[in-house]
There are 2 protein chains.
Amino acid sequence: MNIGQAAAQSGLPVKTLRYYEEIGLVTPARTEGNDYRDYSVMDVEHLRFLQRARAVGFNLEVCRELLDLYRNENRRCSQVKRLVLEKIEQVEVQLQELHALKSILTDMANGCAGDDSADCTIIETLAQPKPSFMPFMLVESSS
Amino acid sequence: MNIGQAAAQSGLPVKTLRYYEEIGLVTPARTEGNDYRDYSVMDVEHLRFLQRARAVGFNLEVCRELLDLYRNENRRCSQVKRLVLEKIEQVEVQLQELHALKSILTDMANGCAGDDSADCTIIETLAQPKPSFMPFMLVESSS
DNA sequence: CATAAACCTTTCTGTAACTGTAGGGTAAAG
DNA sequence: CTTTACCCTACAGTTACAGAAAGGTTTATG
């Protein structure tokens with residue numbers, strides 16, 4: 001089938017399919033006369049697999065590993081699980097960082113009048129933070 | 001002062017200082033003989049301000065706005081606070097997305113034996129998810 | 001049969017915020 | 001004088017595509 005149909009069935013944009021071919025993830029056949037890409041049913045399965053793996057946050061490098069495992073009958077389930085556990089750890093780190101940021105930003109907003117004056121505690125904090133307010137800055141600036 | 005010292009005092013890498021000059025954020029003077037960058041004390045203040053604004057998650061576009069407000073004596077505090085409140089909203093959206101991802105990934109990991117067999121429920125889920133497992137896929141694939 | 005719409009093709013450029021590398025000039029120390 | 005540590009510019013690379021230019025093909029319609 002043509003690229004447009006493959007895109008519709010996989011839930012991915014046409015440009016993404018061309019990109020995935022360029023980096024060797026899913027390489028469809030070509031029709032003889034006109035050089036159009038010709039995606040097989042299995043190609044589309046792989047594209048759908050990639051779409052879902054991306055949707056749960058795996059980057060393309062890991063998606064490639066996952067797809068290789070999907071295509072490999074000799075895979076071991078433990079290999080797959082390890083990738084998922086690693087991703088969970090990354091997500092947890094990101095969550096912690098974002099929680100910390102939100103806490104700082106919320107403190108900033110709460111300490112700020114938000115009126116028409118030029119005096120602004122947020123600007124002051126960014127210009128010269130009190131350690132009690134942004135304690136991690138001590139660590140950062142000592143590196 | 002030279003770029004190396006300015007970098008050390010601001011907590012930013014040398015390459016970042018050159019980049020910030022390239023995009024017009026902080027443009028130091030040049031020494032006459034050798035074209036070395038010559039950062040003033042105020043330049044370094046601005047760099048430190050940028051370092052902290054970046055550290056709490058603002059992108060460079062917003063950092064530029066914040067720096068402009070910092071330099072502008074006619075700023076209104078409310079303008080600053082609005083930027084912080086917007087950022088908080090963004091962080092909250094990201095937190096929700098990450099929580100959802102973590103939940104899906106954790107379900108995947110929990111449902112998987114992680115042994116030496118080739119049968120893997122994670123791979124199966126990515127290949128053909130059950131709606132109860134990845135319900136958002138229904139929305140995604142209908143677009 | 002002509003033509004217009006809807007496909008398809010390649011290639012180049014751009015995104016964010018830098019980092020790395022190549023190839024060179026300059027300054028302080030021994 | 002030489003080494004070492006700076007400094008400079010300019011260009012390529014990173015992620016995962018999206019947009020646009022310029023053109024070939026297929027299909028539907030008049």
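Chain A is the first sequence line, chain B the second, and so forth, proteins listed ahead of strands; every chain is numbered from 1. Computed over heavy atoms, backbone and side chain alike; hydrogens, waters and symmetry mates excluded.
Look at B:N34 and you'll find a side-chain N or O under 4.0 angstrom from OP1 or OP2 of C:dA27. Between B:R37 and D:dC7 there is no side-chain polar atom (N or O) within less than 4.0 angstrom of OP1 or OP2. Residue B:R18 places at least one side-chain N or O under 4.0 Å from the OP1 or OP2 atom of D:dC8.
To the nearest angstrom, P of C:dT19 lies 13 Å from CD1 of B:I23. Rounded to whole Å, the distance from CD on A:E32 to C1' on C:dT9 is 18 Å. For A:M1 and C:dC7, the CE to P distance is 16 Å, given to the nearest whole Å. One can place CZ of B:R30 at 12 Å from P of D:dC7, the figure rounded to the nearest angstrom. Note: CZ (B:R64) to P (C:dA17) measures 10 Å, nearest angstrom.
Of the possible donor and acceptor atoms, none in the side chain of B:R76 sits under 3.5 Å from a partner among the backbone N and O of A:D116.
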The contact string for nucleotides 12-23 of chain D, one letter per nucleotide 5' to 3', using protein heavy atoms under 4.0 Å with B, S and - for base, sugar-phosphate only and none, comes out as ----BBSBB---
Which is it for A:E86 and A:R82 under the salt bridge (charged side-chain N to carboxylate O under 4.0 Å, His left out) test, yes or no, and what are the steps along the way? CA-CA 6 Å; A:E86 278 174 15; A:R82 186 176 50 76; 3.0 Å; yes
Does A:E92 form a salt bridge (charged side-chain N to carboxylate O under 4.0 Å, His left out) with A:K87? I'd like the steps, not just the answer. CA-CA 9 Å; A:E92 279 169 354; A:K87 184 67 200 173; over 6 Å; no
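In this structure, B:H99 and A:H99 have tilted ring planes: the angle between them lies in the 30° to 60° band.
Inter-residue side-chain proximity for A:T31 and A:R37 is flagged as unmet; no heavy-atom pair is nearer than 4.5 Å.
Across all strands shown, B:I3 has heavy atoms under 4.0 Å from sugar-phosphate atoms exclusively, and none from any base.
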